Peer 1: 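Got a structure for you, written out below as structure tokens; questions coming shortly.
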Amino acid sequence: MTIPNRFDHSEAAPQISRAWEDAGCAHAEVDHDREPFCIVIPPPNVTGALHLGHGLNNTLQDIVVRVKRMQGFQTLWMPGTDHAGIATQAVVERRLKEQENKTRHDLGREALVARIWQWKAQYETRILGQLKRMGCSCDWRRTRFTLDDVCASAVRATFFDLFGKSLIYRGKRLVNWDTFLQTAVSDDEVFNETSKGSFWHIRYAVIDPKPGEPKHVEIATTRPETMLGDTAVAVHPDPEQALEKVEQELRAKLAEANEKEIPEIKTQLQDLADRRANMLPKLLQLRDMALDGRKCMLPLVDREIPLVADIWAKPALGSGCVKITPAHDANDYEVALRADLPMINILKPDGTINGEGGKYEGLAIPKARKQVVADLDALGLLGEIEDRDIELPHSDRSKTPIEPYLADQWFVAMDQLSQSAMDAVTDERVKIFPERYRKGYLDWLSEKRDWPVSRQLWWGHRIPIWSANLPSQQKAAELAAQVEKLSAGSQDQITHRVGENEDGSYSLFVCLRDENESLEASVEALGLERDPDVLDTWFSSALWPHSTLGWPTRTPELEYFYPTSTLITSRDIITLWVARMVLMGLNNIGEVPFREVFIHPKILDGLGETMSKSKGNGVDPIDIIDRFGPDALRFGLARLATDMQDVRMPVQYECPHCQKLIDQTKKSRSLATLDCPGCKKTFSTQWAESDADLAHPRAAVVSERFESARNFVNKLWNAARFVLMNMDRYQPQPVAIESLPLEDRWLLSRLSTVTQQVTDAIEHYHFAEAARVLYDFAWDEFCSFYIEIAKPRLSDDGLRATTQSVMVHGLDQLLRLLHPSMPFVTESIWGFLNEAASERGIPEPVSTAEFVMTSAWPDSIRHHYDESIERQFTEFQEVIGAIRRIRASQQIQEVVPVSIRCSAASEKLLDPMRPYFASLAGADIVQLGPEARPFEMDAPLAIPSIDIDVHVNLEEFIDFDAELSRLEKLRDQLDKQINGKKQKLSNENFVSRAPQNVVAKERETLDDLLRQRESVEGDIQRLKAKVE
RNA sequence: GGGCGAUUGGCUCAGUUGGUUAGAGCGCCGUGUUCACACCGCGGAGGUCACUGGUUCGAAUCCAGUAUCGCCCACCA
């Protein structure tokens, strides 16, 4: 048997992938004779390449998918990518700006979209390539893209349906306006950044103040330029009561406060009392003026604005009055709705002041702010200026500040839809693991906030709405009638609605179901214009589980695989994505999209930060694969998948010259080049851009946390080599379990247990546990004991054949169990194993599948489990360990004679194991049994909790001092434990209240310890006597 | 402000329903290569389980509080 002495993954993996592909191992067709199992991939964004977070996500999916496939399910893993609307457009636009200094408007819609398609093609290829190299067993023939025709028709059908049900509507909304990208971004795409700013106090003059009335109202703002859009100043309708309420709350807090908090609360209470005394009369006065319809003069633009009474004005804060800028502040917008105030938008889409701003028109915000402040100062209307830390919202996409901005948007009404998705989780039609994530899901949905779905972008599903503005309801109805005529031939293709606008005009909205150029042309011929916006990217993602299966067509795949079985994803998109898939699935199909959701941890770097390209700590799985191999990547990731919400993964640069790993630090990960501390040569990092930097070879970003997984792959490979090198003269033969010796029975028993544990663990998404169980079994049991014991047996002609049968079976089962997490190395070994022993198995050999990938998942064979055999074997292992410890402490090189005093029962066990003491512990058993006597000069070692004394003949090796100190240390340890136990057992409460079996166990252990101590003490005395 | 999570040897993490002496990998120390594997074998050192209280015969584990760190959500004239 020729098997290379190293597993070369770079050579083997591509061949294995091709073989699987050629055999169609991962392809799934509808098969009603088998039960379906389906997972849809969380489609990675085509924004960029995958990092380790995706690596983990897809490894876990593949593990589940491979297990299910081996278990005989008709298993489909649906692959694909997401167009990621705003993210992708932003990346391409940024590059356009950097490389060609052009904006999207220079290019135009079509050309920009064409560019993004190019980008998509490039990254989709890269992403799918990454997944393939990781060994993901997706059904690649079914690969989808959220913007492809199949998904598009699902989007259109859904939009049409919701529009028809009036669940999609047009409304005004304060959006997060990104002035760079000139689009609204969702709340989720906004991050806050704290920066130094000022808090300006400004006075507005009261018009015609009566005697005794204030001449000014004072307001304060961090954004003074927004005053250009002010349409009111608000004061609380009942400031006295409001203050009282705040005070009550503070007192309640004070009652529960700890010492630290008390002074602060007291200060606040004092402030409140001051306000009552000094400000309340003025606020009451202003409130009365507001109710009286009095007005202020808005300076600079000289507009009369009313004083209004509104609860939004908090008398406990600032001056108690607040400026109202409905078009640029969410709360003010609410106030304006309540008080029926005009809303004045002062910004152009590019973030400069528009015509409403009078002489400030055309100024960008920072300039306008400066000017407004200066002019107010000149008018003497500027009060105090405080320095303040201000949290400014920024666009996650363009990294520029967000401006709140009132715009027309399309919304999905979420009331019913959210409720349906909540019910699905509450009544466990969808189960979420770990369970703690249910709460976040339910809380978010329970707010039932309407979903703004339009985006002012060019990359995405274009909103299928055509509209026209009409001066009257009459005209709108007439146009609607014409549209009706168009729909005569296509009843289910076209629908419309009329809406009234603020200015009294009417809008006709027409929604077309499918893409249909002639119909569109007819609609446009009637003077309707297509909405320029596209849909939020999550709109198409929400349909993913059914759109990929062909919906709205009722395909056989849809009928068979939907609802899918499970969804494996990370926690940041539980609301954005998971919740929306549930409600869309329920709306479109009437059935949940998946039965279970598993949320896996996020991978953080060594500094505890999430990985991302922009931080420079993102790890490309390919870099890990190049260095450690795909199996090590996967196994290493799988053992990280615990119940935790985060796992930490310190990352290193790999020196391209000497392969040394260099820890990343906050500083080093932002540099373009670094010098290797090992070989002193320079390498470039992912930040390298200049030619000078790029002249140095690039360092991969890796993590040494994959080392032990790589070593494990090597260990498995070598265990397999050993088996294969000992397969000559192998004959498949039936094996009678009962006739097997202890070590074989032990292996079979352990296999039964391990199989059960691994199967259960994966079933419950405990991937780390499955990995650990397999690692320990393979390394510490199969390799360290079974193979070591097999060595002498294989050279014994009488035992060789059985040994081969059991050993091959063990390897076979281990390969199957490990295959889902380490597909390549197991498949490679499987191939060799099939050459050496195509028929194998216990008790009856059978011929095996060509691929381990398509072989059957092992059953846990109950009757192979034998508790007493496992316990006996543990005793044997303890004895081996005891001899090894003595050898190590005495530095013994040669084979040593050993005598073992044990019970008759243990003798029965240990006697057949005699031959293996030589290879496992370098020991030759000369006496064994109750009658065994210590040597003249020996090293005793009692074994905890087992009634066995081991004596090693030290005549030729003994180092008295070493032995004496070892024994004394042992005695001290025993004393400590004995005292602990004695104390415990003398505690009457323990004896009377603890369960009897626990007490009995403690007594037993104490007896044991006492016996050991006695023995050790005797040994010490004897040794001392010898020395003297 | 609300919620979630974490804190266990130098590092990264396990630790099922409370019950002998808290485990692993890496690192460290000692030792060993003809006979599967130095990406290895064998042995060892190293932890008052963040802190304070409580429940209990018994707490890394359950409860309350404190501290530190991280994440999510809301809000900030």
Side-chain angles (χ1 to χ4, degrees), chain A residues 3 5-7 187 192 199 219-223 226 233-234 258 260 312-314 317-319 321-325 329-332 388 390-391 436-437 439-440 443-444 447 571-572 574-575 601-602 604 606 608-610 628 632 639-640 642-650 703-705 707-726 766 768-769 772 775-776 783-784 787-788 791 881 884-889 891 893 920-922 944-945 973-974 976-977 980-981 984 987-995 997-999 1001-1002 1004-1006 1008-1009:
Chain A
I3 171 166
N5 51 12
R6 271 286 154 81
F7 175 58
D187 292 345
N192 286 326
F199 194 53
I219 51 90
T221 179
T222 55
R223 295 154 61 213
T226 59
V233 171
N258 61 35
K260 259 191 202 166
W312 167 235
K314 305 278 192 316
L317 290 177
S319 68
C321 298
V322 56
K323 68 197 269 298
I324 301 298
T325 323
D329 181 281
N331 290 304
D332 293 4
R388 254 198 201 188
I390 295 168
E391 287 220 338
R436 71 179 117 91
Y437 291 111
K439 190 172 153 50
D443 286 352
W444 186 83
E447 292 180 20
R571 78 187 127 84
D572 36 10
I574 295 173
T575 51
K602 270 183 97 93
L604 310 180
E609 295 179 41
T610 52
F628 298 108
R639 55 161 40 171
L640 294 177
T642 62
D643 215 22
M644 307 253 295
Q645 58 179 15
D646 300 313
V647 292
R648 220 171 254 231
M649 165 98 53
S703 174
E704 61 187 348
R705 295 207 47 199
E707 241 170 47
S708 95
R710 188 264 324 263
N711 295 350
F712 182 51
V713 171
N714 179 255
K715 187 75 179 177
L716 180 70
W717 181 257
N718 277 292
R721 274 185 72 213
F722 174 83
V723 173
L724 291 162
M725 284 160 56
N726 286 283
H766 297 151
E769 198 200 336
R772 203 197 70 237
Y775 182 95
D776 291 348
C783 291
S784 294
I787 286 185
E788 290 306 321
K791 282 175 184 173
R884 283 170 171 174
R885 277 192 290 279
I886 293 167
R887 289 183 61 90
S889 74
Q891 311 258 345
Q893 315 283 331
L920 284 165
S945 71
Q973 278 176 2
L974 286 166
K976 237 166 118 184
Q977 287 167 41
K981 294 272 170 263
K984 206 170 185 181
N987 180 346
E988 205 159 308
N989 277 325
F990 172 69
V991 178
S992 60
R993 292 191 164 178
N997 60 330
V998 173
V999 177
K1001 213 170 180 183
E1002 288 291 306
E1004 215 173 288
T1005 311
L1006 177 61
D1008 237 22
L1009 288 166

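Chain identifiers are assigned alphabetically (A, B, ...) following the order of the sequence lines, protein sequences preceding nucleic acid strands; residue numbering begins at 1 within each chain. These numbers were taken from a predicted model, which means no experiment stands behind them.
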Peer 1: So A:K323, base contact, sugar-phosphate only, or nothing? Heavy-atom distance under 4.0 Å.
Peer 2: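 The residue A:K323 makes no contact with any strand.
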Peer 1: So which nucleotide does B:G43 pair with, by the Watson-Crick or G-U wobble rule with both distances under 3.5 Å?
Peer 2: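 Matched B:G43 with B:C29 under the 3.5 Å cut-off.
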Peer 1: For the C1' atoms, the ones on B:C62 and on B:U56, what distance do you get once it is rounded to whole angstrom?
Peer 2: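 Approximately 10 Å lies between the C1' atom of B:C62 and that of B:U56.
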Peer 1: B:G54 and B:G46: how far apart are their P atoms, nearest whole angstrom?
Peer 2: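 31 Å, rounded to whole Å.
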Peer 1: Does A:T325 reach a base, just sugar-phosphate, or nothing at all? Heavy atoms under 4.0 Å.
Peer 2: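 Since no nucleic acid heavy atom lies under 4.0 Å of A:T325, the category is nothing.
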Peer 1: Walk me through it: do A:L920 and A:R884 pass the test side chain to side chain contact (heavy atoms under 4.5 Å, CB included)?
Peer 2: CA-CA 9 Å; A:L920 284 165; A:R884 283 170 171 174; 3.9 Å; yes
Peer 1: The side chain of A:A719 is closest to which nucleotide in this list: B:C26, B:A36, B:C37?
Peer 2: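 Taking heavy atoms from C-beta onward, the closest nucleotide is B:A36.
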Peer 1: Give the nucleotide from the list B:G3, B:A36, B:G70 with an atom nearest to the side chain of A:L604.
Peer 2: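 The listed nucleotide nearest to A:L604's side chain is B:G70.
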Peer 1: Can you tell me how far the CZ atom of A:R223 sits from the NZ atom of A:K323, to the nearest 0.5 Å?
Peer 2: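 Nearest 0.5 Å value for the CZ-NZ distance: 7.0 Å.
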Peer 1: For the atom pair CZ (A:R721) and CG (A:N726), what is the distance rounded to the nearest 0.5 Å?
Peer 2: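 If I round to the nearest 0.5 Å, the distance is 11.0 Å.
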Peer 1: For the side chain of A:R436, counting heavy atoms from C-beta on, which of B:G5, B:A36, B:C71 is nearest?
Peer 2: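 Taking heavy atoms from C-beta onward, the closest nucleotide is B:G5.
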Peer 1: When we call it a touch if two heavy atoms are under 4.0 Å apart, what does A:W312 touch: a base, just sugar-phosphate, or nothing?
Peer 2: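 Sugar-phosphate contact only.
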Peer 1: Nearest to the side chain of A:A888, heavy atoms from C-beta on, is which of B:C4, B:G43, B:A38?
Peer 2: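 Between B:C4, B:G43, B:A38, the one nearest the side chain of A:A888 would be B:G43.
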Peer 1: Does B:C40 have OP1 or OP2 under 4.0 Å away from a side-chain N or O of A:N714?
Peer 2: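 So the side chain of A:N714 is outside the cut-off, no N or O lying under 4.0 Å from OP1 or OP2 of B:C40.
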Peer 1: Could you measure between the two P atoms, the one in B:G43 and the one in B:C49, and give it in whole Å?
Peer 2: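 These two P atoms come out 28 Å apart once rounded.
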Peer 1: For B:C69, give the paired nucleotide (Watson-Crick: N1-N3 plus N6-O4 or O6-N4; G-U: N1-O2 and O6-N3; both under 3.5 Å), or none.
Peer 2: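 The base-pairing partner of B:C69, which may sit in any strand shown, is B:G5.
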Peer 1: Expressed in angstrom and rounded to an integer, what is the separation of A:E704 atom CD from B:U12 atom C1'?
Peer 2: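 To the nearest whole Å, that distance equals 10 Å.
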Peer 1: A:R648 has an atom CZ; how far is it from atom P of B:C26, in whole Å?
Peer 2: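 For the pair A:R648 CZ and B:C26 P, the rounded distance is 21 Å.
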Peer 1: Could you tell me how far B:A22 sits from B:U31 if I compare only their C1' atoms? Round to whole Å.
Peer 2: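 It works out to 28 Å between them.
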Peer 1: Rounded to whole Å, how long is the line connecting atom CD1 of A:I574 with atom P of B:C71?
Peer 2: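 For the pair A:I574 CD1 and B:C71 P, the rounded distance is 16 Å.
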Peer 1: Which is true for A:R639 with a 4.0 Å heavy-atom rule: it touches a base, it touches only sugar-phosphate, or it touches nothing?
Peer 2: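 No contact.
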Peer 1: For B:C63 and B:U55, measure between their P atoms and round to the nearest Å.
Peer 2: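 After rounding to an integer number of Å, I get 15 Å for this pair.
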Peer 1: Would you indicate which nucleotide in B:A38, B:A36, B:G3 comes nearest to any side-chain atom of A:K439?
Peer 2: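 Closest nucleotide to the A:K439 side chain: B:G3.
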Peer 1: Where the side chain of A:E447 is defined as all heavy atoms beyond and including C-beta, which of B:C73, B:C42, B:C40 is the nearest nucleotide?
Peer 2: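 It is B:C73.
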Peer 1: When only distance counts, do a donor and an acceptor, one from the side chain of A:R721 and one from the base of B:C37, lie under 3.5 Å apart?
Peer 2: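 Flag unset: no donor-acceptor pair detected.
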Peer 1: Identify the heavy atoms of A:W717 and A:N5 that sit nearest to each other, and give their distance.
Peer 2: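 For A:W717 and A:N5, the tightest heavy-atom pair comes out as NE1-C, 3.7 Å.
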Peer 1: Considering only B:G43, B:C37, B:A14, which nucleotide approaches the side chain of A:N718 most closely?
Peer 2: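 Among B:G43, B:C37, B:A14, the one nearest the side chain of A:N718 is B:C37.
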Peer 1: Write down the partner of B:A74 under the Watson-Crick or G-U wobble criteria, each distance required to be under 3.5 Å.
Peer 2: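 B:A74 is unpaired by these criteria.
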Peer 1: Roughly, in whole Å, what's the span from NZ in A:K791 to P in B:C37?
Peer 2: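 Going from A:K791 (NZ) to B:C37 (P), I get 8 Å.
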Peer 1: Looking only at the side chain of A:E788 (C-beta and beyond, no hydrogens), which of the listed nucleotides B:A36, B:U12, B:G43 gets closest?
Peer 2: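 Output: B:A36.
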Peer 1: What heavy-atom pair brings A:I3 and A:L724 nearest, and what distance separates the two atoms?
Peer 2: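 Reported closest heavy-atom pair: CD1-CD1, 3.4 Å.
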Peer 1: Quick one: which of B:A14, B:A36, B:C71 gets closest to the side chain of A:T642?
Peer 2: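 The answer is B:A14.
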Peer 1: Can you tell me the distance, in whole Å, between the CZ atom of A:F7 and the P atom of B:C37?
Peer 2: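 Taking atom P of B:C37 as the reference, CZ of A:F7 is at 18 Å.
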Peer 1: Can you see if the side chain of A:K602 gets near the phosphate of B:C71 - specifically, an N or O under 4.0 Å from OP1 or OP2?
Peer 2: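 For B:C71, neither OP1 nor OP2 has a side-chain N or O of A:K602 closer than 4.0 Å.
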Peer 1: Out of curiosity, A:M649 CE to A:L640 CG, how far, rounded to the nearest 0.5 Å?
Peer 2: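 One gets 4.5 Å once the value is rounded to the nearest 0.5 Å.
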Peer 1: Between B:U8 and B:A14, how far is it from one P atom to the other, in whole Å?
Peer 2: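 It works out to 11 Å between them.
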Peer 1: Rounded off to whole Å, could you give me the OH-to-C1' distance for the A:Y775 and B:G23 pair?
Peer 2: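 My rounded result for the distance is 14 Å.
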Peer 1: Between P on B:C40 and CG on A:L716, what's the gap in Å once rounded to a whole number?
Peer 2: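 Computing the A:L716:CG to B:C40:P distance gives 13 Å.
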Peer 1: Rounding to an integer number of angstrom, what distance separates B:G9 and B:G1 when you compare their C1' atoms?
Peer 2: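 B:G9 and B:G1 have their C1' atoms separated by 39 Å.
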Peer 1: Going from OG1 on A:T575 to OH on A:Y437, what distance comes out if it is rounded to the nearest 0.5 angstrom?
Peer 2: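 These two atoms lie 12.5 Å from each other.
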Peer 1: Expressed as a whole number of Å, how far does the C1' atom of B:C51 sit from that of B:A60?
Peer 2: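 Taking atom C1' in both B:C51 and B:A60, they lie 14 Å apart.
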Peer 1: Take atom CZ of A:R571 and atom P of B:G5, then tell me their distance rounded to the nearest Å.
Peer 2: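 Value for this atom pair: 11 Å.
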Peer 1: How would you label the contact of A:V723 with the nucleic acid (heavy atoms, under 4.0 Å): base, sugar-phosphate, or nothing?
Peer 2: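 Counting heavy atoms under 4.0 Å across all strands, no contact is made by A:V723.
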